[in-house]
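The block underneath contains the structure these notes are about, expressed in structure tokens.
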Amino acid sequence: MLKIITHPNPILRQKSQPVTDVGVEKIQRLIPQMIDTMLVADGVGLAAPQIGENIRIVVIQFEGETYAMINPRIIKKSFAKEWGEEGCLSLPGLAGEVKRHKKIALEFTNEAGKKQILKAEAMLARIAQHEIDHLDGILFIDKAKKIRKFNTDE
Ligand code: NI
């Protein structure tokens, strides 16, 4: 399992660089390690800066599926937004309400180097927006209202 870095580590605040070659060993090794780390930590998503790498990779688990997204980009977003609760593995013990686009379309490269388009709404759209924010150095606490603390032993 990779070490998850936490706020206020400055790595979390840097803008991440695009991946230029998906096929290189470093990237091919990193993606399954990121997925394992997310699953073990019981998170719904993990972005590369959270494991100390300022590169544009996120992994997501949603309804039993895992996604690896390299250089993800939001290419469409609904005008409609909605509030919903978020937390973050890099901000243990904190949760808050964040307003996100209800529906988005994402473009990304998968681990096999193929360009993909994915339409997402509700929870999956929220997770993707949260993770892509990490690639630009943005944390949910920057956007949240009603930030609350909870006991992580629960
Ligand atoms: Ni996060």
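Numbering of ligands and ligand atoms starts at 1, following listing order. None of the values given here were measured: they were computed from a predicted structure. Side-chain atoms are counted along with the backbone in the values below, which use heavy atoms only and exclude waters and symmetry mates.
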**Request:** State yes or no: do Val44 and Leu89 share one hydrophobic cluster built from I, L, V, M, F, W and Y residues joined by side-chain heavy-atom distances below 4.5 Å, directly or via other members?
**Result:** no
**Item:** Criterion salt bridge (Lys or Arg N to Asp or Glu O under 4.0 Å) on Lys26 and Glu53, from CA distance to verdict
**Value:** CA-CA 11 Å; Lys26 179 187 169 178; Glu53 295 282 350; 3.0 Å; yes
**Complete:** Protein-side N, O or S atoms sitting under 2.8 Å from the Ni ion (ligand 1) are Cys88 SG, His130 NE2, His134 NE2
**Prompt:** Hey, are Gln50 and Ser90 close enough side-chain-wise for a donor-acceptor pair under 3.5 Å?
**Reply:** yes
**Message:** Does atom NZ (Lys114) have a neighbourhood of more than 12 heavy atoms from anything else shown, all under 6.0 Å?
**Reply:** no
**Item:** Six-ring centre of Trp83, Lys145 cation under 6.0 angstrom, axis tolerance 45°
**Value:** yes
**Prompt:** Going hydrophobic residue to hydrophobic residue with side-chain gaps under 4.5 angstrom, can you get from Ile27 over to Leu46?
**Reply:** yes
